[in-house]
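Please read all numbers here as calculations on a predicted model, not as lab measurements.
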Amino acid sequence: MLWHHLAVVPLPLSVRQWEGSMQENPKALEHEEDIVWTEDIEQFDYVRQSIAHSAKTRRRPVPWHGNGRRVGYAVLRDDAPSGAVPGHFVRRVFWVKEHDRSEQLNGMYQRSAPSEAVDPRTVAPGVWGEITERAWGAPLGTT
């Protein structure tokens with residue numbers, strides 16, 4: 001897999017507000033071994049990053065039952081411990097909705113991004129994804 005390195009621009013507070021709830025759960029990152037993309041990330045300026053708190057596997061695909069479709073997920077090391085419920089694991093999931101920019105170029109996120117959006121090129125095992133100007137669709141801080 002080819003990784004692209006992009007300059008990450010500091011976010012204005014209004015764009016960063018969502019980060020706190022995800023960063024409060026370091027277990028979501030500390031045992032990650034790999035990120036699996038089920039679709040080519042080159043087609044996405046951004047993907048949505050969420051935490052699955054009760055995945056029943058460390059390595060197999062994380063089932064997605066929400067709106068939209070899963071486009072990637074984190075794989076945990078074989079020795080990763082269970083989360084709060086025995087046999088369930090805390091894992092990241094990456095997904096898109098029907099009205100995201102990748103699906104509707106001229107849609108509601110043409111010059112912005114949803115609060116959970118990250119540039120998939122900034123995602124790595126153990127590293128929170130970041131919003132970039134590419135993901136935002138404009139210079140950061142503008143809409």
Side-chain angles (χ1 to χ4, degrees), residues 1-105 107-138 140-141 143:
M1 178 177 296
L2 179 63
W3 290 95
H4 296 272
H5 297 283
L6 300 175
V8 177
V9 179
L11 300 175
L13 184 58
S14 62
V15 178
R16 300 183 73 186
Q17 291 172 340
W18 68 273
E19 292 179 333
S21 63
M22 288 182 59
Q23 289 183 351
E24 288 173 7
N25 191 346
K27 290 182 186 266
L29 299 180
E30 67 183 337
H31 300 287
E32 288 183 348
E33 179 177 85
D34 194 13
I35 302 295
V36 173
W37 297 106
T38 57
E39 297 186 29
D40 180 7
I41 64 169
E42 291 303 316
Q43 68 182 323
F44 302 109
D45 290 342
Y46 67 82
V47 296
R48 295 169 186 251
Q49 173 178 254
S50 296
I51 304 299
H53 292 280
S54 60
K56 294 181 181 178
T57 174
R58 291 177 179 99
R59 306 187 69 75
R60 290 189 309 267
V62 177
W64 182 252
H65 304 292
N67 292 328
R69 72 181 187 279
R70 185 197 65 219
V71 297
Y73 56 92
V75 173
L76 303 180
R77 294 190 310 261
D78 288 335
D79 64 349
S82 295
V85 176
H88 292 159
F89 304 91
V90 177
R91 294 175 60 191
R92 282 192 294 173
V93 181
F94 305 94
W95 53 289
V96 296
K97 280 189 169 183
E98 300 80 21
H99 57 270
D100 283 337
R101 191 179 317 136
S102 59
E103 313 305 300
Q104 295 181 7
L105 291 176
M108 65 188 292
Y109 292 117
Q110 182 178 8
R111 297 231 177 256
S112 65
S115 62
E116 62 272 1
V118 297
D119 186 330
R121 294 151 198 83
T122 67
V123 172
V127 178
W128 290 110
E130 298 277 346
I131 190 94
T132 61
E133 288 189 353
R134 178 182 180 140
W136 189 248
L140 292 173
T143 54

Check step by step if side-chain contact (heavy atoms from CB on, under 4.5 Å) holds for Val90 and Ile51. CA-CA 7 Å; Val90 177; Ile51 304 299; 3.6 Å; yes
Using every non-hydrogen atom in the two residues, find where Gln43 and Ser102 come nearest and quote the distance to one decimal. O-CB, 3.8 Å
Minimum heavy-atom separation for Thr57 and Pro61, please, with both atom names. CG2-O, 4.1 Å
Kindly give the heavy-atom pair with the smallest separation between Lys97 and Asn67, and that separation in Å. CE-CB, 4.0 Å
Applying ring pair (Phe, Tyr, Trp, His ring centres under 6.0 Å), can you list everything that pairs with Phe94, at least two apart in sequence or on another chain? Trp37
Heavy-atom pair of closest approach, residues Gly87 and Ser82: N-OG, 2.9 Å
Which residues share a side-chain hydrogen bond (donor to acceptor under 3.5 Å, both in side chains) with Trp95, sequence neighbours left out: Ser50
Val93, Val118, Ile41 screened by side chain to side chain contact (heavy atoms under 4.5 Å, CB included) with Val47, the one that passes: Val118
Looking at residues at least two apart in the chain, or sitting in another chain, which of them share a salt bridge (Lys or Arg N to Asp or Glu O under 4.0 Å) with Arg59? Glu33, Asp78
Taking side-chain hydrogen bond (donor to acceptor under 3.5 Å, both in side chains) as the test, write out the residues that go with Glu103, two or more places apart. Arg69
So, the side chain of Arg91 versus the backbone of Ala52: is there a donor-acceptor pair under 3.5 Å, distance only? no
Report yes or no: does Arg58 contribute a side-chain atom to a donor-acceptor pair with the main-chain N or O of Phe89 at less than 3.5 Å? no
Results of side-chain hydrogen bond (donor to acceptor under 3.5 Å, both in side chains) for Tyr46 - residues two or more places apart only: Asp100
Non-neighbouring partners of Asp79 that pass side-chain hydrogen bond (donor to acceptor under 3.5 Å, both in side chains), sequence neighbours left out: Arg77
Mind checking whether Val75 and Glu32 have side chains closer than 4.5 Å, heavy atoms only? no
Smallest heavy-atom separation, His31 atom then Ala80 atom, equals CB-CB, 3.5 Å
Quick check: closest heavy atoms across Ala135 and Ala113, and the distance to 0.1 Å? O-CB, 3.6 Å
Within the 4.5 Å heavy-atom criterion, are Val123 and Arg92 side-chain neighbours or not? yes
When you measure from the side chain of Thr122 to the backbone of Glu130, do you find a donor-acceptor pair of N or O atoms at a distance under 3.5 Å? yes
Main-chain N/O of Ser112 paired to Arg101 side chain as donor or acceptor, under 3.5 Å: yes
Interatomic spacing from CG in Leu76 to CZ in Arg60 - rounded to 0.5 Å: 12.0 Å
